[in-house]
2 protein chains.
Amino acid sequence: MGVSLKDIAQRAGVSLATVSNVVNGYRPVGERTRQRVQQAIDELGYSPNLGARHLRRGRTGLIALAVPELTNPYFAELAEIAISEAAGLGYTLVMENTAADREAELALLDGTRQRVIDGLILSPVRIGREEVLARTAGGPLVLIGEGVYDVPHDHIAIDNVAASHAAIRHLVAIGRRRIAFIGATAGGDRQSAHLRVRGYREALAAAGLPYRPLLVARTDAFGRLDGRRAMHDLLARGDRPDAVFAYNDLVAIGALRALAEAGHRVPEDVAVVGIDDIEDGRFSAPTLTTIAPDKREIGRLAVRRLVARIEGAEVAGPLSVQTPFRLIRRESTGTPGG
Amino acid sequence: MGVSLKDIAQRAGVSLATVSNVVNGYRPVGERTRQRVQQAIDELGYSPNLGARHLRRGRTGLIALAVPELTNPYFAELAEIAISEAAGLGYTLVMENTAADREAELALLDGTRQRVIDGLILSPVRIGREEVLARTAGGPLVLIGEGVYDVPHDHIAIDNVAASHAAIRHLVAIGRRRIAFIGATAGGDRQSAHLRVRGYREALAAAGLPYRPLLVARTDAFGRLDGRRAMHDLLARGDRPDAVFAYNDLVAIGALRALAEAGHRVPEDVAVVGIDDIEDGRFSAPTLTTIAPDKREIGRLAVRRLVARIEGAEVAGPLSVQTPFRLIRRESTGTPGG
DNA sequence: CTTCGCCTGTATAACGTTATAGAGCCGCGC
DNA sequence: GCGCGGCTCTATAACGTTATACAGGCGAAG
């Protein structure tokens, strides 16, 4: 079908190996020969058959980024960054959607898929430390987010507890005392929610505020619909909070909607803070105060670590990296002066 | 490294070809032999090396979906559908981000990438009919959206003009007369915007309303920021519209934001309609009336057509398919009764 | 009894690449 | 004159799979 090394070799009157060396620079080639070969390549429009190359090399040049939901803008923004970073390193990034499904995550961990992918970046949701430890086969694995800790793999995440502290401190600083949390799961299956609840409780304690279980609302998933439903639940309990800290921006936006539907003003009656800094939050009414992770850093680091492992390079530094974050004040907690 | 056909063949005491036939069912295998081979496969945990398979078959099993922006929820939602449809057909879908860049689109059309991908689903933005016609090499191509018409490729899109008519009819029905349009590009490079403007003009005419150039606002891109800026521009002209029809939901959401910032009420002062039915519009304040394309149908159809072409099947029906859409009334044009 | 065809299984040649062993040539030093 | 190392380049064996040609056995048809 396409133009192969053989065609170039014939045209240039050299051997296959020489053409390969011109293309890959694995061994030096004489200047005259190189030019003849290069000319043949240009004329015939040769591009290597990656399948064959990778069969020979044992690598496919494909890495995967598996996220629980593509439609969460946080992951979409992360994906854009990771795709471009991977391209810069000569890799193609494949998106996988686990749909926050346990089976899907397990299948990715050590399924047949691994045979075609050089490495995997996974944002785990339904699996834990044991499942990751049980994995034996498959290429390098980089974990992102707060799902799994203490495993022998690279791990990139923000410091969730510190992030919660920052959010609560901000709410306390603007005079809120009855601060609710939305996003704790019923089961033990979403680790990051637990961490965020822990940060919430610790930060409340640090501020001298009591922890009230009635101000914690569970959700099944972490989308706008879940946030809206949980906020309505919270309001139905009769004990209205004066602030809400949400598991992420989507949940926060759902909460904003529920508050509007119930006739409460934000931030006057209830202040709202999310996490992720997705673009939606800059255009919601009111705009959303949020904890902004450094998505660029997370995406770049995850891809670089993975590629380094694939290529067998020594990777300096600890396995687990915490990336920076900052609090962005917007209307949902009252703007400082703009 | 992994377990190969050879290992299985040795274990089961048969030839390579027989194992291959058990795995692929290309040729019948005796029942006793089949069982022995199957047992060896289970014991050793064999899974085929896809690289080698595809080198031999001449296909990679990869198809690409190239969109102008991953962070537009419309494309994220479409991608989720397409990924799952492709998986069902035994293909892996790779996301490509053209970033609405002309060079990126051209590179995808006949670049080296094609060598590793069996086929491409492209949402063109900056290239036109000529560029697509100029393409000679590369696998099957399916176009989605309204960028390019009249080319010898499958094409899936909604009827843009009809969609515009529906939107305008709705605005007229609720008593609006000064209907603006946001999203026309300056250059000729975004075809769908022109079509939507055409639909807008025709529908105005059909409703007996004059076309006023001052009510058409250009944007460079089609995100929230662009919508916001364009809406501010429109308001700055002093000739306030009583309704806005936006190029898509993101632009509409940007416009909502600008209207709020300028102190106008929606829908009382200005009604707003978008296109895409992204989830954001169901949670904005106010919620967004929109033209909802059948994303599931578009995603499924695009993948199915592409796979059919790859596998050389006869594809019935015309190349160009128009998928259904419907108008969803929400708060931004005044809810009918809820 | 042959011939044909079917059934089951085998041997082997691709697919396009890269890595390895080695061939030819030249110049240098003994 | 000869051995030796360095420089180019070539020939070829993999990588793991699938498709093709073929071999052997056996029953049915001639």
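All chains are named by letter (A, B, ...) in the order of the sequence lines, taking the proteins before the strands, and each is independently numbered beginning at 1.
- A:Thr60 and A:Asp118 are linked by a side-chain donor-acceptor pair at a separation below 3.5 angstrom, with hydrogens and angles left out of the test.
- Using a 4.0 Å cut-off between charged nitrogen and carboxylate oxygen, B:Glu131 and B:Arg102 count as a salt-bridge pair.
- Atom NZ in A:Lys6 sits about 16 Å away from atom P in D:dT10, given to the nearest Å.
- A salt bridge is absent between B:Glu103 and B:Arg126: the closest approach of a Lys/Arg side-chain nitrogen to an acidic carboxylate oxygen does not fall below 4.0 angstrom.
- Donor-acceptor pairing under 3.5 Å, judged by distance alone, is absent between the side chain of A:Arg56 and the base of C:dA19.
- A search for side chain to side chain donor-acceptor pair (under 3.5 Å) contacts involving B:Gln35 returns B:Glu31, not counting sequence neighbours.
- At C:dT18, one or more side-chain N or O atoms of A:Ser20 fall inside 4.0 Å of OP1 or OP2 (strictly under the cut-off).
- Interface residues of residues 21-39 of chain A facing DNA chain C, ordered by number: A:Asn24, A:Tyr26, A:Arg27; criterion, heavy-atom separation under 4.0 Å.
- Distance alone, capped at 3.5 Å, places no donor-acceptor pair between the A:Arg305 side chain and the A:Val142 backbone.
- Residues that satisfy the side chain to side chain donor-acceptor pair (under 3.5 Å) test with A:Asp101, not counting sequence neighbours, are absent from this structure.
- Atom CG in B:Leu55 sits about 13 Å away from atom C1' in D:dA19, given to the nearest Å.
- No donor-acceptor pair closer than 3.5 Å links the side chain of A:Gln322 to the backbone N or O of A:Ile156.
- The listed nucleotides are D:dT18, D:dT17, D:dT10; the one nearest the side chain of A:Thr18 is D:dT10.
- Closest contact between the side chain of A:Leu5 and the listed nucleotides C:dT18, D:dG16, C:dG16 involves C:dT18.
- One atom, NE2 of B:His54, and another, C1' of D:dC15, lie 16 Å apart when rounded to the nearest Å.
- Atoms CZ (B:Arg53) and C1' (C:dT17) sit 20 Å apart, rounded to a whole Å.
- Distance B:Arg57 CZ to D:dT20 P: 13 Å, rounded to the nearest Å.
- At its two ends the helix from C:dC1-D:dG30 to C:dC30-D:dG1 runs along axes set 70° apart, each axis drawn from five pairs and the angle rounded to 10°.
- Heavy-atom distances under 4.0 Å link DNA chain C to A:Leu16, A:Ala17 of residues 10-17 of chain A, given in residue order.
- For A:Arg296, the CZ atom sits in a loose shell: 12 or fewer heavy atoms of surrounding residues, nucleotides or ligands are nearer than 6.0 Å.
- Checking side-chain atoms of B:Asn72 against main-chain N and O of B:Tyr74 turns up a donor-acceptor pair under 3.5 Å.
- In this structure, B:Glu105 contributes its side chain and B:Ile127 its backbone to a donor-acceptor pair below 3.5 Å.
- Every residue meeting the side chain to side chain contact (heavy atoms under 4.5 Å, CB included) condition with A:Leu44, not counting sequence neighbours, appears here in chain and number order: A:Val3, A:Asp7, A:Ile8, A:Arg11.
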